[in-house]
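One structure is given below, encoded as structure tokens.
Just so it is clear, the values below take in all heavy atoms, side chains as well, and ignore hydrogens, waters and symmetry mates. Sequence lines set the chain letters: A, B, ... in the order given, protein chains first and strands last, and positions in each chain run from 1.
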Amino acid sequence: MLKVDHITKAYGKKTALANVSLEIPPGNCFGLVGPNGAGKSTLLKIIAKVIRDYQGKVRQADMDRTIGYVPQEIALEETVTAQDNLLFFGKLYGLSREALRLRIAEVLEEIGLTERAKDKVVTFSGGMKRRLNIGCALLHQPDLIIMDEPTVGIDPQSRQYIFQMIEQLKQKGTTIIYASHYMEEIERICDEAVFLDHGEVIESGEISAILQKHGTPSIFVRGEDCLPEEIEKLGDIQEKEEGYLLITSAPLHAMELIVGYCKQNGTYPERLELAKPRLEDVFFSLTGNLLRE
Amino acid sequence: MKAIMKLELKKNMQDRGMIFWTLVLPLLFTVLFISVFTSGLNEAESRPVILTIVPGYTVMFVFFIMITMTESLIKDQNNGLVARIASTPLSRNLYLLGKWIPYMYIVFIQIVILLLFGKLVYNVPLEQLFNIIVLALVLTFMVTGVGLALAILVKTTNMGIALTQVLALGGAVLGGLWMPVDMMPDFIQTISRFTPQYWGHQGLQAAMAGTLEIGDFLKTSSILLGFGIVGFILAVVRYPNFLKRTTG
């Protein structure tokens, strides 16, 4: 269990984190969500022991204290080869020569760069660099992997590849802390999430529970003369994609009304869909949608 | 720490720009200036000129390693490598040492090559070999110590380049690397004694000619060592700020 206990961190007069506490069970994939400047990277750096000057405690019980940190930046030496980078980080993590040789081959395979092992990183695409960035944190097979926006600016194929890597890590029982701006990523790969804003935890828990608590289902309808008047009583209606989005806590009842109304009028809706609540909507409802610095 | 040293050396060995600054350019300058200043002179008249220029340009060009040192640390800082390394079991002080020691190797090899070039091409004397080696070592320590301080203190590579030019070229002029100190006005002669270039040049020149007395040798070595120690202490004192800027 990783316990983040009442962490407070300030940069001068600006508070980056205020009394943040979390508990992350082993083997869990934990999403960290928040707008820019919310304190996500600061919290990750504290857990990764990059920042050591803070108040509070980070405790790791039942874990070997091995951490792999994947920073938001592509923190590689680009003028040398992928293999050189892996060799470098492997040595920093204290791997012996023979173990390192084996692990480099395995990690290159895992990140799909075996063929490019001897090429200089500067010749790699953004996605390849991101994969290598992750690979450098996997060499010592850490119990805890901290990933700060690992999929920023990459193509869908590389993103997919990274998700597969994360799935494999989850299967191995590795604890993962994953910070991202992409809510669909958090929803897809994480079991639990914490919402940070202005350095404070504003919500945390299992994703399904958060969605149940804050998310409101909605239905989307498109077609002429498909909205009965009484449907307005069931929730908010917004115009969207040449149709209407009805945000309601009674979506099935609303659908029933629409279908009945259409039958009565002899019309057919072009589209009638039930939309699940999304983390992104919860994010906006919790943090507001004003632009942040 | 060895991993950092190895990576740093490998990176620099592949950098053609660094090879140009440390070897190609000083060799070109040496050849060019020797041919200009010895044209029309007989061999006996050329000897002292060559004996001034070879150690002079050696001392001048070792200072340019400060650009590479600054660039390396600033780059590590900007691309998140320092922060990432801070998350590994490596001690933060060993990172600093790992970034320093490779440049000592590079500068020492640079001095050896430049002096050997002088020996092989112009047959400059290397009379007091032990003194020359010790002076080369303290010169290496001094320039990399000051370079480390510069790399830790400045916030941008451009600032590092600008300050290196001031230190290297300003020190070269004042330290008598471009023209003999005794041809300069008295007040400049006084100022030149505060530059490491003056002591490095005078010491190497005298050791090469075989006229460096033990007292002067110790004095010169101590002064150069002093400059290096001041640089190192400055770097160590400001290192926590560098880390703070880097890791937040």
Side-chain angles (χ1 to χ4, degrees), chain A residues 9-12 14 16-17 39 41-54 65-81 83-95 97 100 120-122 129 133-134 136-137 139-140 142 144-146 148-149, chain B residues 1-21 67-99 101-103 106 157 238-248:
Chain A
K9 168 72 185 168
Y11 297 110
K14 195 183 170 230
L17 291 172
S41 292
T42 301
L43 180 58
L44 293 184
K45 283 180 178 175
I46 285 173
I47 298 171
K49 298 175 185 145
V50 174
I51 295 176
R52 296 178 188 185
D53 169 25
Y54 60 89
R65 299 186 68 84
T66 52
I67 294 175
Y69 172 56
V70 183
Q72 192 173 349
E73 303 91 352
I74 294 176
L76 302 168
E77 182 48 65
E78 298 201 8
T79 56
V80 297
T81 66
Q83 192 168 290
D84 287 335
N85 273 279
L86 291 168
L87 194 68
F88 172 67
F89 281 103
K91 283 181 183 169
L92 292 188
Y93 286 122
L95 271 71
R97 187 178 289 186
L100 187 52
K120 286 186 180 177
V121 178
V122 73
K129 286 179 188 174
N133 207 31
I134 296 173
C136 290
L139 284 159
H140 58 308
L144 171 65
I145 295 197
I146 297 165
D148 194 356
E149 309 266 2
Chain B
M1 188 181 79
K2 273 185 189 170
I4 293 188
M5 286 170 58
K6 272 189 181 173
L7 187 73
E8 204 63 22
L9 280 172
K10 187 164 196 170
K11 197 172 77 177
N12 280 298
M13 290 301 113
Q14 292 174 0
D15 180 6
R16 288 179 190 166
M18 209 216 49
I19 292 169
F20 177 78
W21 277 106
I67 294 177
T68 316
M69 291 180 79
T70 305
E71 201 174 22
S72 176
L73 272 152
I74 298 275
K75 204 173 136 199
D76 279 8
Q77 190 179 44
N78 291 343
N79 70 8
L81 210 54
V82 178
R84 184 171 204 163
I85 291 169
S87 76
T88 70
L90 184 85
S91 131
R92 293 171 185 213
N93 292 337
L94 289 181
Y95 166 76
L96 190 67
L97 278 180
K99 294 295 281 190
I101 294 169
Y103 292 99
I106 292 168
T157 307
R238 297 302 297 175
Y239 186 49
N241 279 58
F242 170 86
L243 285 175
K244 226 172 197 175
R245 279 206 312 266
T246 308
T247 61

Is there side-chain contact between B:K10 and A:E77, with heavy atoms separated by less than 4.5 Å? no

Contacting moiety of B:K6, where chain A heavy atoms sit under 4.5 Å: side chain

So, the part of B:L94 with a heavy atom under 4.5 Å from chain A: the answer is neither

Minimal non-hydrogen separation, B:S87 against A:V50, with atom names: CB-CG2, 3.7 Å

Keeping the roles fixed (side chain from B:R84, backbone from A:E73), state whether a donor-acceptor pair exists under 3.5 Å. no

Identify which part of A:D148 has an atom lying under 4.5 Å from any heavy atom of chain B, answering side chain, backbone, both or neither. neither

Sort A:A16 into side chain, backbone, both or neither according to what part of it lies under 4.5 angstrom from a heavy atom of chain B. neither

For B:A3 and A:F88 the tightest heavy-atom approach is O-CD1, 3.5 Å

Looking at A:G94, A:C136, A:A75, A:P71, which makes the most heavy-atom pairs under 4.5 Å with chain B? A:A75

Spacing of NZ belonging to B:K244 relative to CD1 belonging to A:I51, to within rounding of 0.5 Å: 10.5 Å

Which answer fits A:L92, side chain, backbone, both or neither, if we ask what part of it has an atom under 4.5 Å from a heavy atom of chain B? both

Value for CZ (A:F89) from CG (B:L90), rounded to nearest 0.5 Å, stands at 11.0 Å

Take A:E78 and B:N79 through the test side chain to side chain contact (heavy atoms under 4.5 Å, CB included) and record every step on the way to the result. CA-CA 10 Å; A:E78 298 201 8; B:N79 70 8; 5.9 Å; no

Examine whether an atom of A:D53 lies under 4.5 Å from a heavy atom of chain B, and if so say whether it belongs to the side chain, the backbone or both; otherwise answer neither. side chain

Return the option, out of A:R52, A:K91, A:H140, with the maximum number of heavy-atom pairs under 4.5 Å with chain B. A:R52

Would you indicate whether the side-chain heavy atoms of B:K75 and A:T79 approach each other to under 4.5 Å? yes

Against chain A, label B:D76 side chain, backbone, both or neither, depending on which of its atoms sit under 4.5 Å from a heavy atom there. side chain

Taking atom CG of B:L81 and atom CG of A:L76, what is their separation to the nearest 0.5 Å? 7.5 Å

Is any side-chain heavy atom of A:L87 closer than 4.5 Å to a side-chain heavy atom of B:L7? no

